[in-house]
Amino acid sequence: MQPAILIHGPTASGKSALAAAVAKNIGGEVVNADSMQVYKDLTILTARPSEDDMGGVPHHLFGHVDAATRYSTGKWLDDVSTIMRDIEHRGKVPVLVGGTGLYFLALTAGLSEIPPVPEDIRADVRAIAAEEGGAGLKARLNEVDPESAQRLAEGDRQRLSRAYEVWLATGKPFSAFTGNRKPPLLSDGEWLGVALTPPRSVLYGRIEARFDAMMTNGAMDEAKALVERQIDPELPVMKAHGMPWLASYIRGDISSEFAIQNAKRDTRRYAKRQFTWIGRQFPFWPRIPSIDAQTREKVIFALYGDIDGA
């Protein structure tokens, strides 16, 4: 079988357009590897590819999950396994694209088997996070799982909550489970991964321009629809880029200008963390710093040809 192509990179780096172009050229099909683009309720705010963006290429696992669902990496692995088998059975090449590094890591290195956390414990930890914030979570975690507490920043409430939930549910530190991984879906030689690493000044400009375009094209209406559904603010969909700030504006807590300014700032910060993730987790993935579409395609085709012919 021809190897799957994995395209990772920070938000607004042009991954989706590149994936569609590559898939069209090699007879492939695009598969989503972005944890926010799975939600059907957010098309604009998550920059989900439109029909025009898809260019006639089949796309899978985009917008198939309701906002009230707590979609997980494990569930994505189940879904993507089924999709990839079907694509390969039809003699096509899976082209996976997205900004969620954990999805790619689980796909190529396996996923740690962590026991499920009961909903009552999740609710307790959400209450702690709301009352004490990241600093309180970190202090609590430091008492029972100092390794995780030291590794996580106070601002990373989601991962602090996750580590504390696991300890409350199992009595064991999060690190006790990270070494116990399921076999990866893709073994060595079955995939080619590339990381887009455009100049940060260019990327930040794209982030600003894209968010302005989102606002013009109806992002506020999407956010308002979610707020009106009274979706739990701790669910993943409510943490999409800009969503917390737009929700605060819709509730009358802040001005629209303040919401937009902070949404852009947080998206830039997220992109910076994505660069860090690439450096730490995918040190051997070929980098493509060019922002030129044709150059990017040529690099992938050159790498793919080397693997395909090996």
Side-chain angles (χ1 to χ4, degrees), residues 8-16 19 31-50 53 59 61-73 75-76 79 97-104 122 126 129-130 134 155-162 203-204 206-251 253-254 256-275 277:
H8 184 39
T11 186
S13 59
K15 301 182 297 293
S16 297
V31 183
N32 177 39
D34 188 286
S35 63
M36 289 295 107
Q37 290 186 347
V38 302
Y39 291 106
K40 63 182 178 182
D41 304 75
L42 291 183
T43 300
I44 300 167
L45 267 177
T46 62
R48 204 165 76 210
S50 66
D53 296 331
H59 280 55
L61 301 185
F62 288 87
H64 68 297
V65 178
D66 184 78
T69 302
R70 188 181 295 277
Y71 196 70
S72 66
T73 303
K75 178 57 178 169
W76 178 81
D79 291 344
V97 60
T100 304
L102 183 57
Y103 281 8
F104 287 119
R122 286 188 184 276
R126 287 199 298 270
D156 196 351
R157 283 180 29 167
Q158 183 173 352
R159 289 184 174 83
L160 286 168
S161 296
R162 177 63 171 153
L203 182 68
Y204 294 163
R206 287 187 171 190
I207 288 172
E208 300 250 345
R210 187 175 74 173
F211 200 84
D212 287 337
M214 287 176 176
M215 296 304 297
T216 299
N217 294 326
M220 191 67 78
D221 292 334
E222 282 192 342
K224 184 178 180 181
L226 276 187
V227 171
E228 290 176 346
R229 283 188 62 183
Q230 298 183 334
I231 298 291
D232 183 346
E234 292 301 315
L235 284 173
V237 73
M238 297 302 289
K239 299 177 183 179
H241 300 323
M243 185 62 208
W245 294 104
L246 296 185
S248 292
Y249 163 71
I250 292 165
R251 296 186 183 106
D253 299 330
I254 58 177
S256 61
E257 293 79 7
F258 188 74
I260 293 170
Q261 178 186 21
N262 282 278
K264 290 178 178 179
R265 180 205 64 191
D266 285 359
T267 307
R268 292 193 301 269
R269 289 178 176 175
Y270 179 73
K272 184 178 180 180
R273 293 196 297 273
Q274 286 177 303
F275 275 114
W277 174 279

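Please read all numbers here as calculations on a predicted model, not as lab measurements.
At a threshold of 4.0 Å, the pair Arg229-Asp41 counts as salt-bridged, since one of the basic side-chain nitrogens sits closer than that to a carboxylate oxygen. Salt bridge status for Asp221 with Lys224: absent, with no side-chain N to carboxylate O gap under 4.0 Å. Note on Arg126 versus Asp232: salt bridge recorded, some NZ/NE/NH1/NH2 to OD/OE distance being below 4.0 Å.
Not a single ring pair (Phe, Tyr, Trp, His ring centres under 6.0 Å) links Phe275 to another residue, sequence neighbours left out. Under the side chain to side chain contact (heavy atoms under 4.5 Å, CB included) criterion, Lys40 pairs with Asp66, sequence neighbours left out. Residues passing the ring pair (Phe, Tyr, Trp, His ring centres under 6.0 Å) test with Phe62, sequence neighbours excluded: His59. For Tyr71, the ring pair (Phe, Tyr, Trp, His ring centres under 6.0 Å) partners two or more places apart in sequence, or in a different chain, are His64. Taking the salt bridge (charged side-chain N to carboxylate O under 4.0 Å, His left out) definition, one finds that Lys75 meets it with Asp79, sequence neighbours left out.
Ring geometry for Tyr103 versus Trp76: interplanar angle under 30°, hence parallel rather than tilted (30 to 60°).
Closest non-hydrogen pair, Gly99 versus Tyr270, comes out as O-OH, 3.8 Å. When all heavy atoms of Tyr204 and Ala271 are compared, the pair lying nearest together is CE2-CB, 4.4 Å. Between Pro236 and Tyr39, the shortest heavy-atom distance links the atoms CB-OH, 3.6 Å. Minimum interatomic distance between Ile254 and Trp245 (heavy atoms only, all atoms of both residues): CD1-O, 3.6 Å. Taking both residues in full, the closest heavy atoms of Ala263 and Gly242 are given as CB-CA, 3.6 Å, listed atom of the first, atom of the second, then distance. The two atoms that bring Leu226 and Met238 nearest to each other are CD1-SD, 4.0 Å, heavy atoms only.
No side-chain heavy atom of Leu45 sits less than 4.5 Å from a side-chain heavy atom of Met36.
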Return all side-chain donor-acceptor pairs below 3.5 angstrom for residues 207-219, not counting sequence neighbours, or 'none' if the list is empty.
unit_1: Glu208; atom_1: OE2; unit_2: Arg268; atom_2: NH1; d: 2.4
unit_1: Arg210; atom_1: NH2; unit_2: Thr11; atom_2: OG1; d: 2.5
unit_1: Asp212; atom_1: OD1; unit_2: Lys264; atom_2: NZ; d: 2.7
unit_1: Asp212; atom_1: OD2; unit_2: Lys264; atom_2: NZ; d: 3.3
unit_1: Thr216; atom_1: OG1; unit_2: Asp212; atom_2: O; d: 3.2
unit_1: Asn217; atom_1: ND2; unit_2: Ala213; atom_2: O; d: 3.0

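Within 6.0 Å of the NZ atom in Lys239, the count of heavy atoms belonging to other residues, nucleotides or ligands exceeds 12. For CZ of Arg122, the number of neighbouring non-hydrogen atoms (other residues, nucleotides, ligands) closer than 6.0 Å is greater than 12.
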